There are 2 protein chains.
Amino acid sequence: MNLSPLAERFVLHFGEMGSRWGVNRTVGQIYAVLFIAPSPLNADDIVDALGVSRSNVSMGLKELQSWRLVRMVHQAGDRRDYFETPKDVWEIFRTLAEEKRKREIEPTLSFLRDALMDAPGDDAERHAQEKMRQMHELIDLANGWFDDIHELSPQTLESLMRMGAKVSRVLEFANQLRGVGRE
Amino acid sequence: MNLSPLAERFVLHFGEMGSRWGVNRTVGQIYAVLFIAPSPLNADDIVDALGVSRSNVSMGLKELQSWRLVRMVHQAGDRRDYFETPKDVWEIFRTLAEEKRKREIEPTLSFLRDALMDAPGDDAERHAQEKMRQMHELIDLANGWFDDIHELSPQTLESLMRMGAKVSRVLEFANQLRGVGRE
DNA sequence: TTATAGTTTCAGAAATTACTGAAAATTCAG
DNA sequence: CTGAATTTTCAGTAATTTCTGAAACTATAA
């Protein structure tokens with residue numbers, strides 16, 4: 001691995017975390033190396049940096065592009081494909097949240113929607129379905145909230161985050177103004 | 001698999017989603033079967049329901065307990081261990097968020113904290129470190145926000161979610177009252 | 001104690017996932 | 001077109017993860 005000591009530590013860390021984040025080591029490492037690179041890299045640069053096969057890099061880049069965490073760019077007078085990560089960390093944050101929702105939440109949400117349409121056959125099914133209904137309600141709410149958050153501007157989101165728990169006081173105030181919520 | 005058709009569909013879905021959520025199929029299925037069960041189950045009940053080995057169930061239960069998504073309970077006059085999922089979906093939501101943060105975010109946050117202490121060796125390292133600083137800043141902010149959210153009561157969190165994007169209007173209002181944020 | 005019920009551990013087998021190298025496909029300059 | 005440069009695909013292999021059955025361990029009843 002042909003990287004400065006600090007860069008190498010970063011890349012190795014991302015490789016190790018990969019499995020917890022649902023990608024394999026190489027994918028984590030490719031992302032890391034692109035994230036800290038001062039300019040876009042081509043696939044062979046990545047092969048050199050990581051010491052993995054060309055085909056592995058090709059597959060990893062494809063996966064990262066499907067997550068929209070990496071995009072292809074071109075350099076004038078060079079046929080090769082170059083790759084970079086979006087530079088704005090807020091953009092990355094949104095993208096990641098959106099993709100995670102699509103892959104980890106949506107399928108279950110639509111499964112539950114389906115399952116709730118069925119007529120329960122007996123008491124056990126009636127109980128199971130009631131639990132599913134609770135789960136659906138919560139996921140649906142959280143999901144919609146993510147949708148809303150997603151539409152906020154980075155600045156608004158940032159102030160929201162910086163407010164932190166104080167938001168609850170603002171909320172209480174707002175609730176007082178308009179009665180007790182929307183129920 | 002000895003379950004009603006609806007329960008079986010639910011269990012199979014959780015098994016399939018397991019890998020996306022970072023657990024194996026059996027762990028996902030065990031969680032599902034406990035979630036919809038009307039009362040706590042013992043390990044052999046789970047073996048019967050899922051048709052996997054006793055040892056696999058034992059390991060899966062251990063993992064789910066480490067996630068605090070399943071807890072052990074006892075029945076009067078029965079030596080066997082029984083297991084149940086927390087019934088309150090909001091509690092489950094918090095627990096999951098907290099555990100995910102601990103496993104998926106904290107290690108990177110502390111890696112970055114460390115890496116930012118090093119003196120950069122050259123320009124490339126200086127640039128890499130600057131990118132890491134940006135990443136650290138964002139993760140730290142989001143992390144602290146999750147901390148704050150975590151401390152809200154389920155009711156407050158629920159109203160916050162139901163407000164959705166409207167929160168930004170409240171925020172703007174609050175910002176007007178107190179100048180432009182905290183900078 | 002000892003016997004029994006219940007649970008966990010763990011080495012090896014089975015299944016799955018990741019990775020490679022070679023071949024195929026694509027792109028583009030000449 | 002042709003052919004060189006580049007990228008992608010894919011079958012086979014390597015590595016990793018999951019699962020099992022047997023043995024070890026623990027707790028309790030008699």
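Worth knowing before you read on, the calculation uses all heavy atoms, side chains too, and leaves out hydrogens, waters and symmetry mates. The shown structure was predicted, so the numbers you read here are calculated from the model rather than taken from an experiment. First the proteins, then the strands, lettered A, B, ... as listed; each starts at 1.
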(message) Run A:Thr156 and A:Ser153 through side chain to side chain donor-acceptor pair (under 3.5 Å) and show every step you take.
(response) CA-CA 5 Å; A:Thr156 308; A:Ser153 68; 2.7 Å; yes
Does [X] place a side-chain N or O at less than 4.0 Å from the phosphate oxygens OP1/OP2 of [N]?
X       : N      : value
A:Ser58 : D:dT8  : yes
B:Asn24 : D:dC19 : yes
B:Arg54 : D:dT20 : no

(message) Going 5' to 3' along DNA chain C, between which two nucleotides do contacts with chain A fall, using a heavy-atom cut-off of 4.0 Å?
(response)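 Reading along DNA chain C, I get C:dA18 to C:dC28.
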Distance in angstrom units between [X] [atom1] and [N] [atom2], rounded:
X       : N      : atom1 : atom2 : value
A:Gln75 : D:dA5  : CD    : C1'   : 17 Å
A:Leu61 : D:dT6  : CG    : P     : 16 Å
B:Asp78 : D:dA27 : CG    : P     : 17 Å
A:Phe83 : D:dT8  : CZ    : P     : 6 Å
B:Lys62 : D:dC19 : NZ    : P     : 15 Å
B:His74 : D:dT28 : NE2   : C1'   : 12 Å
A:Ile30 : D:dT7  : CD1   : C1'   : 14 Å

(message) Membership question, hydrophobic clusters at under 4.5 Å side-chain separation (ILVMFWY): are A:Tyr82 and A:Val70 in the same one?
(response)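 In one cluster with A:Val70: A:Tyr82, no.
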(message) With nearest nucleotide decided by heavy atoms, which residue, A:Gln65 or A:Arg25, maps closer to the 5′ end of DNA chain D?
(response)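 Taking each residue's closest nucleotide, the earlier one in sequence belongs to A:Gln65.
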May I ask you to decide whether [X] forms a salt bridge with [Y], counting only side-chain N to carboxylate O separations under 4.0 Å?
X        : Y        : answer
B:Asp114 : A:Arg9   : no
A:Glu99  : A:Arg68  : yes
A:Glu130 : A:Arg126 : no

(request) Tell me what A:Thr26 touches on the nucleic acid: a base, only sugar-phosphate, or nothing, going by heavy atoms under 4.0 Å. (result) sugar-phosphate
(request) Could you tell me whether A:Asp81 contacts a base, only the sugar-phosphate backbone, or nothing, with contacts defined as non-hydrogen atoms closer than 4.0 Å? (result) sugar-phosphate
(message) Using heavy-atom distances to pick each residue's nearest nucleotide on DNA chain C, tell me which of A:Met59 and A:Arg79 is more 5'.
(response)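 With A:Arg79 and A:Met59 compared, the 5'-side residue is A:Met59.
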(request) Using the six-membered ring wherever Trp is involved, compare the ring planes of A:Trp90 and A:Phe93 and label them parallel, tilted or perpendicular (cut-offs 30° and 60°). (result) perpendicular
(request) For the residue pair B:Phe111 and A:Phe10, categorise the inter-ring angle as parallel (less than 30°), tilted (30 to 60°) or perpendicular (more than 60°). (result) tilted
